[in-house]
Amino acid sequence: MKFPWSHTTIVDMIKTDQKVEEKCHQVTTDIIAGKLNVAEFVEELGPALTHTDASVRAKGTTLLSNVLKDLPPDALQANQVELLCTFYIDRSLDHHTVTPMVLAGIEALTHMTNFPDGAAVRLLRALFERVPCQSQKKPERTLYFQMMLNLAERKVDELKAWGVDFVYGVIGAIEGERDPRNLLYLFERMPSFIRTFPMYHLAEEMFETFACYFPIDFHPNPNDPVAITRDALAEHLANCLCATPEMAEFAVPLLMEKLDSSLIMAKLDSLSLLRKCLELLEVAKLEEHHDELWTALKKELLPAGGTSAAEKELAEATYAAVQALAKNASTDEPSAKALLDKILLSVMGGLTDASSKQFEMSLRVELSCAQGSVYCAVYVIEKLIPMLLAQLNVDGHVETRVANVLVDALQRLCAVCAHWYCIDRLDPALVGQMHKKLIEVVLQEADGSEQKRSALLALAAVPEMVTSENRYVVYSAMVKILLTATEQPSKTIDAAQECLFSFAIRYQQEVKTVVLEKLITHDYAKAETSLVQLVFKTLGKFILYHGYMDKMVKFFLSKIFDPDNERLAIIAMDTLTDVVENGNSSQLGKAELYEQYKLLDRCFEYANDKLSSDCLHAMAQLIGAVVKQLPVEEQHQLILKRLPALRLQQRADLYLASGLLAYLDQSVPLVDHFENLVTDLSKLALETDDERVRDVCNRLLCSLFNRMPDDEHHRGVLKRLLKMIREELKKHNHQAVVILSWIGKGLIARGHSEAGEIVDDIADLLDHPTLGHIAALAFEILSIEFPQLHLPLLRNLFKQKLFVWVMKKLEQKVEQYAETHLKALAFVLAATPHTVLKMNLSKVGPLLLKCLAQTDDKTILEALTIVLRFTREQDPFVQDHLQTLIPLLLKLTLHQSSMKIRIGALECLLYVCKYPTFLLLPFKQSVLLALQKPLDDRKRLVRNAAVTTRLQWFVVGSAEDTKTDK
């Protein structure tokens, strides 16, 4: 056996060889390969492990432990692990400088697959007796905890048999731990430990071990790369305190004590712990604490109406605790009744006066109780309805504000009733009284009133309580609100729609014959477009409701194919498109609209050049939405059936083709039609004067070249087309540049080899005297995303590729950049990911500064947006160029043609104030003087931004603590 070190003794080698640990990697490899036995390795290390010098023994133990850490879990046999366990148990008596290496070795052994039975108890007993955990440094304590809990997971039966001594040893090890990372590890792992092992008489001692940390008071280090949050520690600590019902019993007195704290965070932690306790404890264990708990919770809710975010969070946590308390008590009806009586008696004063400040708090308490269980809901609803109705039915006038509050309270009770489906458990007389009052509100109150909105929402929650004769009152109110929607508040419209959909599910036939019939037969010819859109959108939702599809689809189809009213046809198509795309039902497009109602066939028969472009565009969108839902095979059959007959020179056929092709699956072959399609589309885009037709052609070309197969035939088609377009460029044809950019966009997105050549062509045109401006706009087309453009093939990092191409092409001309070059660059940089710009800021930065000095609004705005991001991050580049940047920004604060530019420049100047004071002081007076003019800007938003920025510049250099992080 030859070891990878010199012939000198192992002790000399440890003392002199600096690369001894590297040599041990070869030992690890040999043990894994079976060439070396670990026992022989230990024997070879013997002189070092038994040396009289503690530092040599420590280094020898380190070598062994490092080898064990690098071994895979199945590398050692049980007898080898047994041998090593015995060795480390002996080493646990060694000098304290050896202890860290002993713990590292034991922790490595706990991961071994063949860990022998009985060894866990021997190891842990030795450590508990000989190595006090809390006397070790933080890394060693981490190893101690990991080793201890690894064995607890792997050797459950063995350690359970050891009994109370094991639990006592664990408590002794973790007691007094202060490191937050170690604590987080313990808090995460100990709940499982506590549930697995019996605590015997040590349950309270285990609880106290964790209780000393409650509530967590921790402020994380801002420079910690893997930060630990206070919330994470608090959440996991609560899990430890409530690991078992036995532990949760001890937690209740603790949390009640901490609820008296003046710290909001302590109160929040206590309320969270209370909710966890209530999930575990039986009502019998908690009943004695009900009075104290409710008194403590009520104290947190009084006085009501805290406005700060922390106070609101505390109130919400308290309501959640009240709900959990009621839910816990519900398992025993006598206890639940006693608790609910107590709570109701406490808040009765607030509930009987809807004008008091305590009413909302009292109502929320009762609603929280009602959300605890069905029993609680029935109790609360039956107690509150008479109180609320009594205040609504008083003789004389009820103040509108008070009436609004009371009807809203009834609506919230109905929502709870709907949640628990408990309408049948309520006293029918009470339900009848509430129903009568709600119908009365619907009949008598104005359509836009708060009361009517709340009444409709209440009826929507429990439609089954509305009697047959009164349902028609509700139907009439809903129809009236919908048909006068332009005059109604949006909340009232939402309430009417919610009520309609709720009734539609329960009373299908009535809603069909009463509500929908009125809405369908209404004359919309002269109605406002916004009203028609709202009503049609409401009707469109019924398509997805069971039993309504046929009636609704036929209505929309009748409007779509009505030649007398094109406006309604467009709205109907837009509505149907929205339902198909967002309706979560692929069968609607395929099985119903395509197969049953033959929508696409009817569209192809109906479309003609007499229809407006708006109508044909809406039809194309609808066709595209349906085609997207079809299986690939049916899409293929549809193309074979419809595409050859289309003549793209005709406007109607062009739009139909865009509907067919826009969202076609990538796998549907177009090889037989591709050349004709792209040729016809290119010619039409070059020749037509219709802007919308050109746009349709360009988008189709982009999509077609994006999905084009990359073979010889299609590359030939592309080259012939590019040749034709280049001929047009020689004639100074602006449209040829636009077509070239759209084709380039499709090819860039898929990473096609020809894309770079097209980018070069467009970049060369930036110097052209007549095509330079349109070439700059072409880079906008190449860069930005179009939401309704379908590109089936998208290559990763294609935006970065475009950036590289453009920079490589144009970086040689930095000093000669004309306005068109900078405009093109601005569009490309705006689309480039921020990380890429940051990596190339030395090249990009000067260009951005040049863009800010231009006169074109788009160029300035795109560059300003990027500069603002870097200024907000306090990038060193901005700091190094403040002398150039600040005068440019001051000039832009007076840029009259764009309010966005003026606001952006002011915001950028505001973030410049975050840079070191000594850099800003030379500019302070000139900036303050220049910012006087924006204070009188004609736009309020600009004036506001100017005030904020100027105030910040005023305090520059006065005192560091006056700087605020805006």
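Computed from heavy atoms alone, side chains included, the values below leave out hydrogens, waters and symmetry copies.
- From Leu297, atom CG reaches atom CG of Leu259 across 6.5 Å, with rounding to the nearest 0.5 Å.
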Worksheet item: Are Cys417 and Met465 close enough, and set up right, to give a side-chain contact (heavy atoms from CB on, under 4.5 Å), and what steps lead you there?
Response: CA-CA 11 Å; Cys417 181; Met465 78 172 171; over 6 Å; no

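- Residues Tyr168 and Phe128 place their aromatic rings such that the two centres sit no closer than 6.0 Å.
- Atom NZ of Lys276 has more than 12 heavy atoms from other residues, nucleotides or ligands within 6.0 Å.
- Contact annotation: the side chain of Val131 never approaches that of Glu140 to less than 4.5 Å [non-hydrogen atoms, C-beta and beyond].
- Just one residue in the list Leu388, Leu384, Val441, Ile381 forms a side-chain contact (heavy atoms from CB on, under 4.5 Å) with Leu410, and that residue is Leu388.
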Practice prompt. Could you walk me through whether Glu360 and Arg412 pass the salt bridge (Lys or Arg N to Asp or Glu O under 4.0 Å) test, one step at a time?
Written response: CA-CA 12 Å; Glu360 176 62 23; Arg412 289 153 81 180; 2.8 Å; yes

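- Residues Glu175 and Gln134 have side chains that never bring a donor and an acceptor to within less than 3.5 angstrom of each other.
- A donor-acceptor pair is defined here as one N or O able to donate and one able to accept, closer than 3.5 Å; no such pair exists between the side chain of Ser368 and the backbone of Gln323.
- Using a 4.5 Å heavy-atom threshold, the side chains of Val378 and Trp420 count as separate.
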Practice prompt. Assess whether salt bridge (Lys or Arg N to Asp or Glu O under 4.0 Å) is satisfied between Lys285 and Glu282, documenting all intermediate values.
Written response: CA-CA 6 Å; Lys285 301 283 187 183; Glu282 296 177 0; over 6 Å; no

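- Of all heavy-atom pairs between Ala203 and Met247, the closest is O-SD, 3.7 Å.
- No side-chain heavy atom of Tyr421 sits less than 4.5 Å from a side-chain heavy atom of Val374.
- Counting heavy atoms from C-beta on, the side chains of Glu450 and Asp408 never come closer than 4.5 Å.
- Geometric assessment of Arg364 against the ring of Tyr319 yields a positive cation-pi assignment under the 6.0 Å and 45° thresholds.
- A salt bridge links Lys342 to Asp291: at least one charged side-chain nitrogen sits closer than 4.0 Å to a carboxylate oxygen.
- The CG atom of Leu241 sits 8.0 Å away from the SG atom of Cys277 when rounded to the nearest 0.5 Å.
- Between the side chain of Glu208 and the backbone N or O of Phe210 there is no donor-acceptor pair closer than 3.5 Å.
- Proximity of Val347 to Lys298: side-chain heavy atoms (C-beta onward) are nowhere separated by under 4.5 Å.
- At distances below 3.5 Å, not a single donor-acceptor pair connects side-chain atoms of Lys258 with backbone N or O atoms of Ala266.
- Side-chain contact between Met387 and Leu344 is present, with at least one heavy-atom pair separated by less than 4.5 Å.
- The ring-ring contact (aromatic ring centres under 6.0 Å, His included) test with Phe187 is passed by exactly one of Tyr213, Phe214, Phe145: Tyr213.
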Worksheet item: Under the side-chain contact (heavy atoms from CB on, under 4.5 Å) criterion, do Phe359 and Leu363 qualify, and how do the steps go?
Response: CA-CA 6 Å; Phe359 179 81; Leu363 180 64; 4.1 Å; yes

Discussion item. For Ile174 and Cys133: C-alpha separation, side-chain torsions, deciding distance, then whether side-chain contact (heavy atoms from CB on, under 4.5 Å) applies.
Written reply: CA-CA 8 Å; Ile174 64 180; Cys133 178; over 6 Å; no

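- Arg230 places no side-chain N or O within donor-acceptor distance of the main-chain N or O of Phe218, the cut-off being under 3.5 Å.
- Side-chain contact, Thr295 with Glu292: no donor N or O sits under 3.5 Å from an acceptor N or O.
- Side chains of Val466 and Phe503 form a contact here, defined as non-hydrogen atoms less than 4.5 Å apart.
- Taking NZ of Lys383 as the reference point, atom CD1 of Ile343 lies at 13.5 Å (rounded to 0.5 Å).
- Side chain of Gln411 to main chain of Val407: no donor-acceptor pair is present (N/O by atom type, distance under 3.5 Å, no hydrogens or angles).
- Contact annotation: the side chain of Val416 never approaches that of Val380 to less than 4.5 Å [non-hydrogen atoms, C-beta and beyond].
- When atom types are taken as modelled, the side chain of Gln391 and the backbone of Ala354 share a donor-acceptor pair closer than 3.5 angstrom.
- Phe197 and Phe166 have perpendicular rings, their planes meeting at more than 60° on a 0 to 90° scale where under 30° would count as parallel.
- Residues Val121 and Leu159 come closest through the heavy atom pair CG2-CD2, 4.0 Å.
- Here Asp494 pairs with nothing under the salt bridge (Lys or Arg N to Asp or Glu O under 4.0 Å) rule; sequence neighbours left out.
- Residue pairs meeting the salt bridge (charged side-chain N to carboxylate O under 4.0 Å, His left out) criterion with at least one member in residues 186-203, sequence neighbours excluded: Glu153-Arg189.
- Gly350 approaches Gln358 most closely through the heavy-atom pair CA-CB, 4.1 Å.
- A salt bridge is absent between Asp332 and Lys337: the closest approach of a Lys/Arg side-chain nitrogen to an acidic carboxylate oxygen does not fall below 4.0 angstrom.
- Under the 3.5 Å distance criterion, the side-chain polar atoms of Glu107 are left unmatched by any main-chain donor or acceptor of Gln146.
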Worksheet item: Does the pair Lys155 and Asp117 meet the rule for a salt bridge (Lys or Arg N to Asp or Glu O under 4.0 Å), with working shown?
Response: CA-CA 8 Å; Lys155 298 294 180 180; Asp117 293 337; 3.2 Å; yes

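- Legend: residues meeting salt bridge (Lys or Arg N to Asp or Glu O under 4.0 Å) with Asp231, ordered by chain and number and at least two apart, are absent.
- Considering OG of Ser92 and CG of Leu123, their distance stands at 8.5 Å, rounded to 0.5 Å.
- Scanning for salt bridge (Lys or Arg N to Asp or Glu O under 4.0 Å) contacts around Glu287 gives an empty result, with sequence neighbours left out.
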Item to complete: Please report the C-alpha distance between Leu302 and Met361 in whole Å, then the side-chain angles of each, then the deciding distance to 0.1 Å, and finally whether the side-chain contact (heavy atoms from CB on, under 4.5 Å) criterion is met.
Response: CA-CA 9 Å; Leu302 295 171; Met361 181 276 291; 3.3 Å; yes

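- Residues satisfying the salt bridge (Lys or Arg N to Asp or Glu O under 4.0 Å) test with Lys299, not counting sequence neighbours, are Asp260.
- Rounding to the nearest 0.5 angstrom, the gap separating the CG atom in Leu263 from the CG atom in Asp269 is 10.0 Å.
- Separation of atoms CD1 (Ile228) and CG (Leu183) is listed at 8.5 Å; rounding is to 0.5 Å.
- Remark: side-chain polar atoms of Arg453 are not paired, donor with acceptor, to backbone N or O of Gly448 under 3.5 angstrom.
- In plain terms, the two heavy atoms of Ala336 and Ser330 that are nearest each other are CB-CA, 3.9 Å.
- The backbone N or O of Met348 sits less than 3.5 Å from a side-chain atom of Thr352, completing a donor-acceptor pair.
- Residue pairs meeting the salt bridge (charged side-chain N to carboxylate O under 4.0 Å, His left out) criterion with at least one member in residues 417-432, sequence neighbours excluded, do not occur.
- Here the side chain of Lys267 pairs a donor or acceptor atom with the backbone of Ser261 at under 3.5 angstrom.
- At a cut-off of 3.5 Å, with distance as the only test, no side-chain donor of Lys138 or Asn182 sits close to an acceptor on the other residue.
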